[in-house]
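Below: one structure, written as structure tokens.
Protein chains get the first letters and strands the later ones, always in sequence-line order, with residue 1 at the start of each. Remember, it's a predicted structure, so these values are computed and weren't measured experimentally.
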Protein chains: 4
Amino acid sequence: MRKPAKSAFRRRRPTQSRAHETVNAILDAVIRLLKRSGVSAITTNGIAEAAGVSIGSVYQYFPDKRAIFVALHERHIEQVDRILERKISESASGPLKQLVSELMDGMIEAHTFDPELAALLDSEVPHRADGAKEFSCRLHELLRKALAPHAERLGGTGKLDLRAFLLGNMLDALGHAVVLRRPRAVSLRYAKMEATKAILAGIES
Amino acid sequence: MRKPAKSAFRRRRPTQSRAHETVNAILDAVIRLLKRSGVSAITTNGIAEAAGVSIGSVYQYFPDKRAIFVALHERHIEQVDRILERKISESASGPLKQLVSELMDGMIEAHTFDPELAALLDSEVPHRADGAKEFSCRLHELLRKALAPHAERLGGTGKLDLRAFLLGNMLDALGHAVVLRRPRAVSLRYAKMEATKAILAGIES
Amino acid sequence: MRKPAKSAFRRRRPTQSRAHETVNAILDAVIRLLKRSGVSAITTNGIAEAAGVSIGSVYQYFPDKRAIFVALHERHIEQVDRILERKISESASGPLKQLVSELMDGMIEAHTFDPELAALLDSEVPHRADGAKEFSCRLHELLRKALAPHAERLGGTGKLDLRAFLLGNMLDALGHAVVLRRPRAVSLRYAKMEATKAILAGIES
Amino acid sequence: MRKPAKSAFRRRRPTQSRAHETVNAILDAVIRLLKRSGVSAITTNGIAEAAGVSIGSVYQYFPDKRAIFVALHERHIEQVDRILERKISESASGPLKQLVSELMDGMIEAHTFDPELAALLDSEVPHRADGAKEFSCRLHELLRKALAPHAERLGGTGKLDLRAFLLGNMLDALGHAVVLRRPRAVSLRYAKMEATKAILAGIES
DNA sequence: CATGAATGAGTGTTCATTCAT
DNA sequence: AATGAATGAACACTCATTCAT
């Protein structure tokens, strides 16, 4: 996933895992700094220090500062992807209701693990449009396949694309909202249940 | 490079309005720059240049760079607010279905006017958590009042908050998505119709 | 002579002379630093400090570090140019011997004024080939015109180009050498006299 | 990117020669980089890469970056030295005219082999004053010895130093100029012939 | 109020050099 | 001897902000 970077002089790493460790150390450091003081306060030297590596090593793995943020988003997206894929395979043979419920679970799981990070990633860290687009495509494919067995209930194969589109966007929106912005008086459990019901009704409408 | 615009529009009106014009010129310039080259390429001097005012004047109206972005968001939010308020009052006495339909219309109207800007505002321009929170509160109040007449159909007064929460987030998400990310094969009209149906079913579930 | 620099935001200076002063302050500072510690020790911040201006101002007048060195060379070349032009006009109607003698005088004058600088400019400060080429062209034109009245003595008009070429390069080389590298036992006066004789004989050969 | 050259040429010869090969590989790499993108773009890591050796090996043979450039100049100077020494010995017993002609030949031979390199070495690669001085001393000695047999024709033994000084500088200047900067309309042969005549006349004056 | 030249702290990035393997 | 990953001091350059005019 990492590109060979702009310089022609960059060579491949000897140990794949060492590199992975360093990259993760850097990304984790960015998260810490992000929480402590926001994007605009983040500097590459600060990242290096917080990650416990030299600034030179940061530039060994990332061509520039932007790439670090991109990688952070990518890592997050991959996690969500993985979770949703698992949830889908787990409820592959079950009823539609279970599928939606599991997906909602997954979405919430992904954002409950580190709600602050999820919020920051969403609102502060610049996520170039392309990346987001690519992600929503991948997700869309995933959901279309997951909905396929329930096609007849959803208005036929011809409408699958639209259903997956609605499902994806509602999941994402309500997944975030339920964790981060639900009314104070409402519990996570209850909000989740209602959101699930709403989404289910929505795509079956 | 300097444009003549300066002397043409300035006369008559009291300072209040002159200020307003300058502020708008600045915000419009920011939008232009944003579209041309992204947030990270925006500089205060660049803004002044693009707005046809001096950098000093920019600082007359905004305490610092951040404030410019905040104002940009606020202006956008106010527009959305105004549109939604109108839509709500227009369908105050109608059925729930009409209300949701009108709200969806409003949301799409707000984003169709300048979809690129809507996307940029959402993904690139840092929107400090507070501002977003405040907006969603105002929107939430608006929607709660709009839903109040339909309380019995929505599970009683006790559930109004939750319904407004679900409605607000689905509106926002699908409003954006329908304009910016709908499957290529689907028309705006049709996507809108289906999204409206989905939301309606969702909050009635 | 100064180009508008790479940024689109650069504006023209209000007072031509203020700019000139600052530019000269910067170039003089570079010379001081050059003498004190060599090219490789020169930093843009060091230049700003030594010139008594802010680093920002340096970048107001020069697009980058290289441009400062280029300007330094240009200023030197212009000085030499001016001196030689004067010498040529002073001996326009005199014999060839006087012309060569005056030119040698001029060359030496140009390098005696600040021999250390002349040596540094020649050996340390990178002078991109183009600049040098352009200068030698200008000089070549100058010399060709100066030699024109003596054409018959120099083998005819057809050979003027070649004569000017030989003259220019010998002048430059011996001008430098006489000031900077003459044998210790030889006085400047005497070296100059002999060099002049040599050049004269050379172009008349 | 890594070339196989390594294992092919290395065997047999003692370490002395292995070192010599590596050093030459490095210097040749520098020349290539120099031509491709100028001094300021040269980095030690880039040199190692281009030479097909590790950066560690570069530092095995050169204490620092400067030393690489010094070595490059030295290698060039040695070549010129060797050529001139040969030319001098070849025309030791001939007339002065032949000597000068042969020297000019040598100078041109040295620069015609790689004119681009000659120009770069002269204008771009920083040649610390000491090195240049040392070279011109060695050259001066050489020329003084070569001129000694012709002392009477050159104004006596007392003037030999001055004659050698003039000869050396004219040779160097016209040698460069004839190859790199002669007027477009003039052939190398003709320019060389005229330059030789000029120099001869110059030192005999 | 407007202007825009001047400021300089702070930033991203490079690259000569080291040293454990 | 050779390697090349790691280092981090140092640098060129930017740009938000100020303030004299």
Audit row: D:Tyr59, D:Thr44, side-chain contact (heavy atoms from CB on, under 4.5 Å) steps and yes/no: CA-CA 9 Å; D:Tyr59 278 87; D:Thr44 49; 3.6 Å; yes
Check against side-chain contact (heavy atoms from CB on, under 4.5 Å), B:Asp114 and B:Gln79: CA-CA 12 Å; B:Asp114 192 341; B:Gln79 279 169 11; over 6 Å; no
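In this structure, C:Thr43 reaches the sugar-phosphate backbone alone: every heavy-atom distance under 4.0 Å involves primed, P, OP1 or OP2 atoms, never a base. Residue-level contact check: A:Ile42 touches the backbone only, with heavy atoms under 4.0 Å from sugar-phosphate atoms and none from bases. Residue contacts shown for C:Asn45 include a base, since a base heavy atom lies under 4.0 Å away.
In this entry F:dA20 has E:dT3 as its Watson-Crick or G-U wobble partner, both defining distances falling under 3.5 Å. Of the nucleotides present, F:dC15 is the one that pairs with E:dG8 by Watson-Crick or G-U wobble criteria, both distances under 3.5 Å.
Between E:dG12 and A:Thr44, a contact under 4.0 Å exists linking OP1 or OP2 to a side-chain N or O. Note on C:Ser54: every side-chain N or O is 4.0 Å or more away from OP1 and OP2 of E:dG8. OP1 or OP2 of E:dA2 sits under 4.0 Å from a side-chain N or O of B:Gln60. The phosphate of E:dA5 has neither OP1 nor OP2 within less than 4.0 Å of any side-chain N or O from C:Tyr61.
Protein atom NZ of A:Lys65 is 19 Å distant from nucleotide atom P of F:dC13, rounded to whole Å. We find that CZ of A:Phe69 is positioned 12 Å from C1' of E:dG12, with the value rounded to whole Å. Distance A:Tyr59 OH to E:dT11 P: 12 Å, rounded to the nearest Å. Spacing between atom NE2 of B:His20 and atom C1' of E:dC1 amounts to 19 Å, rounded to whole angstrom units. Rounded to whole Å, the distance from CZ on B:Phe62 to P on E:dC1 is 15 Å. Distance CZ (A:Arg66) to P (E:dG12): 14 Å, rounded to an integer number of Å. Put simply, CD on A:Glu21 is 11 Å from P on F:dA6, counting in whole angstrom units. Atom CD1 of B:Ile47 is separated from atom C1' of E:dG4 by 16 Å (rounded to the nearest Å).
Contact detail for B:Ala48 and B:Ser54: the closest heavy-atom pair is CB-C, 3.8 Å. Contact detail for B:Leu72 and B:Val30: the closest heavy-atom pair is CD2-CG1, 3.9 Å.
Projected onto DNA chain F by closest heavy-atom contact, A:Val53 and D:Ile55 fall at different nucleotides, the more 5' of which corresponds to D:Ile55. Taking the nucleotide of DNA chain F with the nearest heavy atom to each of A:Gly52 and B:Ala41, the more 5' of the two is matched to A:Gly52.
With hydrogens and angles disregarded, a donor-acceptor distance shorter than 3.5 Å links the side chain of B:Asp64 to the backbone of B:Ala67.
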